[in-house]
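I have a structure here, written as structure tokens, and I will follow up with some questions on it.
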Amino acid sequence: MGKQATRVMVNGKSYARVVDARLTLADFLRHELNLTGTHLGCEHGVCGACTVLVDGRTARSCLMFAVQANGCAVTTVEGLAPDGQLSVLQQAFIDNHGLQCGFCTPGMLMTLTELLGDTPEPSEQDVREALTGNLCRCTGYAGIVAAALDAAQRLRGTVAKPGSP
Amino acid sequence: MDRRVEPGGDDVGPMKPAPFEYHAPRQLKDAAELLARLPNAKLLAGGQSLVPMMNFRYVIVDHLIDLGGLDELRGTAVVDGALRIGAMTRQRDLEFSPEVARQCPLLAEALRHVGHRQTRNRGTMGGSLAHADPAAELPAVCAAYDATVHALSVRGIRQIAFREFCTGFMATALAPDEMIAAVDLPIWRLGHGHGFHEFARRQGDFAIAGAAALLDVGADNVVRRAALTLFGVAASPLRVEAAEAQLAGKPLDAAAIRAAAAAAWLIAPISDIHAGGEYRRHLAQVLSARALNDAARRAGVEA
Amino acid sequence: MGAKHFGARVTRLEDPALLAGRGRFVDDVKLPGLLHACFVRSPHAHAKLRGCDARAALIMPGVHAVMTADDLPEPMRDTPLPLLLPNPALNVPRTQTALARGEVCYVGQAVAVVVADTRYIAEDAAAALVVHYEVLPAVADCRAAAEDGGPGAHSDLTTNVASTFSLAYGDTDAAFADAAHVFREELWQHRGGGMAIETRAVLAHHEPVSDLLTVWSGTQTPHIGRRMLADLIGRDLQSIRVIAPDVGGGFGPKAIFYPEEAVIPAAALKLGRPVKWIEDRREHFLCATQERDQYWDVAIAVDGEAKILGVRGRMLHDTGAYVPWGIVMPYIAASTVPGPYVVPSYRLETVVVLTNKVPTTPVRGAGRPQAVFAMERLIDRVARELKIDRTEVRRRNLIQPEQMPYEVGLMFRDGKPLVYDSGDYPRGQDKALALAGYDDFRERQEAALEQGRFIGIGLANYVEGTGLGPFEGVTVRVLPSGKVAVATGATSQGQGTRTTLSQIVAEEVGCRLDDVVMTVGDTAAISQGIGAFASRQAVNAGSSAHVAGQAVRQQLIALAARALGVQETDIDLEDGVATAQRGNKPSIAFGDLARLAQGIPGVSLPAGQSAGIEHTAYYTPTQAAYCSGTHVAEVQVDAMTGGVKVLRYTVAHDSGRVINPLIVDGQVQGGVAHGIGNALLEWMQYDANAQPLTTSFADYMLPMATDVPTCAIAHVETVNPLNPLGVKGAGEGGTIPAPAAIVAAVEDALSPFGVRFAEMPLTPERIVATLRAAGAYDRLFAG
Ligand SMILES: Cc1cc2nc3c(=O)[nH]c(=O)nc-3n(C[C@@H](O)[C@H](O)[C@H](O)COP(=O)(O)OP(=O)(O)OC[C@H]3O[C@@H](n4cnc5c(N)ncnc54)[C@H](O)[C@@H]3O)c2cc1C
Ligand code: FES
Ligand code: FES
């Protein structure tokens, strides 16, 4: 019951698959495409670990079915550093101790990638508000907030590469 | 996410949805036809409430009709003195819509409290109204504006006054074969004031209680029209008519606002694991006063 | 130590892979033929099992097996899981069996497991399984359960009291009889969870050719897990390998050996295929162990100058349905009360009560947050009643640095007398207060009040026994590639174990940080290990890394001296090269030395040279290492809604010598966030039938980015004399005093109304109800 063809562009690469309609986008990415950087922390939409970009906007991949992404462009954490070169934001996470266990990190990066894209000069409050959609149990958020502000500054100071932060 | 459905029954485990057939109609009439024809079918809008419930298997459907491909259901327009909002308009698009900010500033303000940017990117106007969570902001705003819901089915389009739309705890006046196509929010006179206050435990959580206020104040400082809606305190959004009646036709000042807010004390509040009724009643009064104060200030009255 | 790496703010070696989405968590491991498991769990808090009908489930396409207790191998079938920490005071040493037999005693207890092609299908089949239950009365409230005559949490037991014990020294009766003042407080602390963002996970695979059973598990303690699994499944240790790959947070609950860690390997063996189980979040709420949940009735006796004469009282600990870690949390709680203060006499009666809830085991802080809450609330009470500043009452009672080492008079849970090794508590408190701007706070408070804002400040002190034994091991080995391989039984759930140990080894051995290749959390890498809990790894594994590194350094020097024909004292080791500080400074790379150390086949090694360059050290601490600190919280309270915002948070922390300030500060900040959750948000609620009510992240509220300010952190480094590095643990100090400091701050903010609070979490609803009872709203609504 419920098999469906879906064609999704993920990190610039097109994939066509026939999947169960009930397969969530998160499980599709993780288990069909083996893009395991997208994590699942709750599967009910609160923790944000599964956050990806769908057509450039953040979305919970646990609350979408893969078939809904038919014809969409999806970006996952693997797409942030395609050539192995970490993005400015990723580097800022290292420098500001923005991660501990790293499990929430991919979701954090996707949220902040969107934020820095639409708000190049975010205030600390802007960053914190955006991050309410992502839970982190390890860091107490300080390093993540610092990394976001640091990355924003670096991106303003440099000519933004296409596709970055 | 729906926080009200408690675990129960004999299923303690699931976090993956039960199987279903997926339909992605491209035409509105096809969607209506599918909804009329398919047994045990549900509409999928932004999925931010429905999919968690499917993952928990609180909701098990045989057919899922995805409204995502229906461009006709997206967008805003001013029609006959009302702001018409297509059911599939994403909350995030409304949040940044200059038209919403200009015509229905109360809605713009309320949207910032609806979940998080990540859920607003997907969540829709129609989904929120159909889901009818008692603590949801958007139904409260519709109640404040006396909105009109356009319900579409194979039988045609029916208009439902918002007063009649919410029929109980997460229940609406929609027939099983009906879907929301759009909602009309009557536009208040330019220069009216709005106020929106809620108390949630954390940013983006469903509110424990909230209040939405609209005030139209004449040059003589006399209130021409008032709307005060509470949410989170009862099975569905609640217009505090006693407060509105007290305000209307009288000069607006601090005492009037205090008295109107005190009318919120008369509600019969609900209790759940998030808060008891007494506390909700208290918040209703506090937040009503705050919302009315903001509305008064924006209407040019320092109360 | 000529610190090049040690003590430096080194960025973490773990980060690049995790940031690129190349972490390897259990669910990222893919094996051919992999099957997926779903557990069938009790929906009842207490019930007799009356059989199970799996027929409908078994005929579903894609379903491979349904197993109940009867299908498990011997002795797992009916042997209770091991009790990790036996204690003579534990009268009812009850643990659960891997799958329930006869009776279920909490909602979520595993009854059966379904194995299928996908998790989706396994869940379909689980829903089709029919389990017959005969529902029994459930025990939900430990206060009622402690009394005789009520229903039992286990139907075969005549009591719900698992243990009663008393920790005491000095003459409390005399102290209280003579005291100028006695104050009593009744306090309650909620139940909460670790709530790592990665849930638990187990993947088991049996490889018939080598007869090796490999288990990937999201555990803090792989070596302990292997030992327990070996016992339950009847295999030798060396035929089992447990790997804890990247683990997404631990915080205590992943230090337990769980039923799933036994059942999944059993299923893999039975089916001859790899089987994976990923806990879902709701299961985590139901089945992962929790903590706090204590009721305290305590009193303090002081003289006219606010000097403490004694503390005594009674504490009730709701331990849940089983005691997998014995009575360790109530024991730690009871022994933590005196804390950094001179308390001449002390007696606490503790009653550990079984209920029909998921078992409790240590969660970040392990009993200490409760004890600190009790002690600090008492001291605040003394200050208020005697009208002395809270900081001054503390100052008068703090143990002075000259009194170190300080013998408290109790036995700690490590079986050793509670002796604080080192510390400067008054300096810590002063530092924290200065950083927090305590002196001008009253002015700020008044200014705020004039604007109608209620702000308040609170502080709390604590001492924490960290670095518990018995041991941890580290092997350091120089490879022919010139890399330095390090293996340890220590594990990492985000603490930066790799980075920290690499710093220590690189410092000792004289190599680049990048040249250290580390294996953590793999039982194949080192024969003995314990794992992560009780902030023990910096002390235990850190010391072992230091000792092993030193030994390898010696070996390198000896070999290099021989190879270069110079004295050993002439050799310098740096960046992976041994250089003779003579003549034209001849040098030899570590890789070449490693090859030399292999010798030549058939030729004897020179006298005194051992095979290879390698050393394994198992550091065994003689006792716990006592870290300490002072926290200062500044909050704003919306008196009308009860909403609390933490505006500013200051920590002065003594974790001994700091190996990496970046990592230690991160641990403190993360711990504080957990403490803010405990103080204001997190509350695992149950109804009167012990049905859990808060089983989603919407209902059980973790702190968000808007709830946690960036802390100001000061380090007070007093060197621990008992280990070679001088370090103490740092993982839990952020959490322990936070609720005490925050609740005190809320009280201070609302001081115009004279309200008091005695529980955590302190909810807005409670604040409003308390203000209402105090008549505050007559004033506030009028204003
Ligand atoms: C973490 C989190 C926090 C949240 N916080 C809030 C909050 O603070 N306030 C709040 O209001 N909401 C909140 N939500 C829910 C909100 O995001 C949802 O957008 C909203 O409740 C439902 O909208 P949707 O478009 O996602 O609808 P869906 O989830 O797709 O659908 C919801 C229901 O409406 C029905 N439906 C959808 N569209 C139609 C239609 N056109 N006609 C008839 N029936 C229809 C569906 O069949 C379903 O029963 C939160 C969600 C999450 C995950
Ligand atoms: S896994 Fe999707 S929000 Fe938690
Ligand atoms: S780094 Fe572990 S959850 Fe955020």
Side-chain angles (χ1 to χ4, degrees), chain A residues 20 22-23 27 30-31 34-47 49 76-81 84 86-87 89-91 93-95 97-107 109 124-125 127-146, chain C residues 11-12 14-25 27-28 30 118-120 194-199 246-251 278 280-282 284 492-496 662-663 665-674 676-677 696-698 702-711 734:
Chain A
D20 275 351
R22 63 165 158 169
L23 186 70
D27 282 337
R30 290 183 50 75
H31 301 310
N34 213 7
L35 293 169
T36 53
T38 299
H39 295 155
L40 287 170
C42 73
E43 298 177 85
H44 52 261
V46 185
C47 77
T76 69
V77 66
E78 288 92 345
L80 296 183
L86 294 184
S87 72
L89 179 64
Q90 286 167 316
Q91 185 58 45
F93 264 64
I94 296 182
D95 298 339
H97 195 20
L99 65 155
Q100 290 185 17
C101 77
F103 198 78
C104 71
T105 311
L109 291 169
E124 178 174 339
Q125 188 57 25
V127 172
R128 288 187 182 273
E129 259 178 44
L131 290 177
T132 58
N134 297 74
L135 296 174
C136 175
R137 187 52 147 176
C138 299
T139 64
Y141 304 101
I144 300 172
V145 173
Chain C
T11 58
R12 301 192 329 155
E14 292 87 343
D15 290 357
L18 292 169
L19 281 161
R22 285 187 284 106
R24 273 291 160 267
F25 297 88
D27 195 27
D28 304 342
K30 304 272 154 69
T118 69
R119 174 66 177 247
Y120 289 76
M195 293 302 146
I197 303 299
E198 187 201 20
T199 52
D246 286 332
V247 176
F251 316 115
I278 304 298
D280 69 38
R281 181 55 59 183
R282 194 145 52 125
H284 191 77
S492 182
Q493 305 80 42
Q495 307 91 322
L662 191 78
I663 288 177
D665 287 357
Q667 287 293 309
V668 171
Q669 172 76 31
V672 167
H674 200 143
I676 289 174
S696 79
F697 272 155
L702 295 183
M704 290 174 171
T706 41
D707 301 310
V708 186
T710 297
C711 300

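Below, chain A is the first sequence line, B the second, and so on; all start at residue 1. All figures in this text were calculated on a predicted structure; none of them were measured in a lab.
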Please state whether the side chain, the backbone, both or neither of A:Glu43 comes within less than 4.5 Å of a heavy atom of chain C.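 Answer is side chain: those atoms of A:Glu43 sit under 4.5 Å from chain C.
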Chain A contact via C:Gln495 - which portion, at a heavy-atom distance below 4.5 Å: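 Contact with chain A: none, neither part.
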Side-chain heavy atoms of A:Ile94 within contact of C:Pro16, under 4.5 Å: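 A side-chain contact under 4.5 Å exists here.
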Would you call C:Arg24 and A:Thr36 a side-chain contact if the rule is heavy atoms closer than 4.5 Å?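 In short, these two side chains touch, coming nearer than 4.5 Å.
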Heavy atoms, side chains only, cut-off 4.5 Å: are C:Met195 and A:Leu135 in contact?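 When only atoms from C-beta onward are counted, A:Leu135 and C:Met195 do not touch, as no gap falls below 4.5 Å.
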Pick from A:Thr132, A:Leu131, A:Val127, A:Thr105: which one has the most heavy-atom pairs with chain C under 4.5 Å?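 So the answer, after comparing A:Thr132, A:Leu131, A:Val127, A:Thr105, is A:Thr132.
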Does C:Arg281 reach the main-chain N or O of A:Gly41 with its side chain, forming a donor-acceptor pair under 3.5 Å?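 Yes; at least one donor-acceptor contact below 3.5 Å.
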Main chain of C:Asp27, side chain of A:Arg30: is a donor-acceptor contact present, judged purely on distance under 3.5 Å?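 Yes; at least one donor-acceptor contact below 3.5 Å.
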C:Tyr120, part contacting chain A, at a heavy-atom distance under 4.5 Å: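 For C:Tyr120, heavy atoms of backbone and side chain both lie under 4.5 Å from chain A.
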Checking C:Arg12 side chain against A:Gln100 main chain: does a donor-acceptor pair fall under 3.5 Å?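 Side chain of C:Arg12 to backbone of A:Gln100: a pair is present.
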If I measure from the heavy atoms of chain A, does C:Asp28 come under 4.5 Å with its side chain, its backbone, both, or neither?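 When you check distances to chain A, atoms from both the backbone and side chain of C:Asp28 fall under 4.5 Å.
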Checking A:Leu23 against chain C: side chain, backbone, both or neither under 4.5 Å from a heavy atom?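 Both parts, backbone and side chain.
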Is A:Leu109 close to chain C through its backbone or its side chain, or both, or neither, when contacts mean heavy atoms under 4.5 Å?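 The side chain, not the backbone.
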Between atom CD of C:Glu14 and atom SG of A:Cys101, what is the distance when rounded to the nearest 0.5 Å?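 The CD atom of C:Glu14 sits 11.5 Å away from the SG atom of A:Cys101.
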Option in C:Gly666, C:Gly249, C:Ala673 with maximal non-hydrogen atom pairs under 4.5 Å from chain A: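 With the most close heavy-atom pairs to chain A, the winner is C:Gly666.
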What residue in A:Asn134, A:Leu99, A:Val77 has the most heavy-atom pairs under 4.5 Å with chain C?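 The residue among A:Asn134, A:Leu99, A:Val77 with the greatest pair count is A:Leu99.
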Closest approach of A:Val46 and C:Ala698, non-hydrogen atoms and distance?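 Minimum heavy-atom separation between A:Val46 and C:Ala698: CG2-N, 4.1 Å.
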So, does A:Tyr141 use its side chain to make a donor-acceptor pair with the main chain of C:Pro703 at under 3.5 Å?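 The answer is yes, because a donor-acceptor pair under 3.5 Å joins these two groups.
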Rounded to the nearest 0.5 Å, what separation is found between the CD atom of C:Gln669 and the SG atom of A:Cys138?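 The SG atom of A:Cys138 is 12.5 Å from CD of C:Gln669, to the nearest 0.5 Å.
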Closest heavy-atom pair and its distance - A:His97, C:Leu662: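 The pair with the smallest heavy-atom distance is CD2-O, 3.1 Å.
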Do side-chain atoms of A:Arg128 reach the backbone of C:Met704 as a donor and acceptor pair under 3.5 angstrom?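 No.
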How long is the span from the CG atom in C:Leu19 to the OG atom in A:Ser87, to the nearest 0.5 Å?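 C:Leu19 atom CG to A:Ser87 atom OG measures 8.0 Å (nearest 0.5 Å).
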Quick check on C:Val672 against chain A: is it the side chain, the backbone, both or neither that has a heavy atom closer than 4.5 Å?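 When you check distances to chain A, no heavy atom of C:Val672 falls under 4.5 Å.
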Where A:Gly140 and C:Val708 come nearest, the two heavy atoms and their spacing: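 Minimum heavy-atom contact is O-CG1, 3.5 Å.
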Pairwise distance CG(A:Leu40) to CD1(C:Ile278) - rounded to 0.5 angstrom: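 Taking CG in A:Leu40 and CD1 in C:Ile278, the distance rounds to 9.5 Å.
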Under a 4.5 Å heavy-atom cut-off, does chain C meet the side chain of A:Thr139, its backbone, both or neither?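 Only the backbone of A:Thr139 comes within 4.5 Å of chain C.
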Where A:Phe103 and C:Gly248 come nearest, the two heavy atoms and their spacing: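 Residues A:Phe103 and C:Gly248, closest heavy atoms: CB-CA, 3.9 Å.
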Whether the side chain of A:His39 engages the backbone of C:Glu198 through a donor-acceptor N/O pair (distance < 3.5 Å, no angle test) should be reported.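 Answer holds: no.
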Taking every heavy-atom pair that is under 4.5 Å apart, which of A:Arg137, A:Arg22, A:Glu129, A:Gln90 has the most such pairs with chain C?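 Counting heavy-atom pairs under 4.5 Å, the top option is A:Arg137.
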Please identify, among A:His31, A:Gln125, A:Glu78, A:Gln91, the residue contributing the most non-hydrogen atom pairs under 4.5 Å to chain C.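 Among A:His31, A:Gln125, A:Glu78, A:Gln91, the one with the most close pairs to chain C is A:His31.
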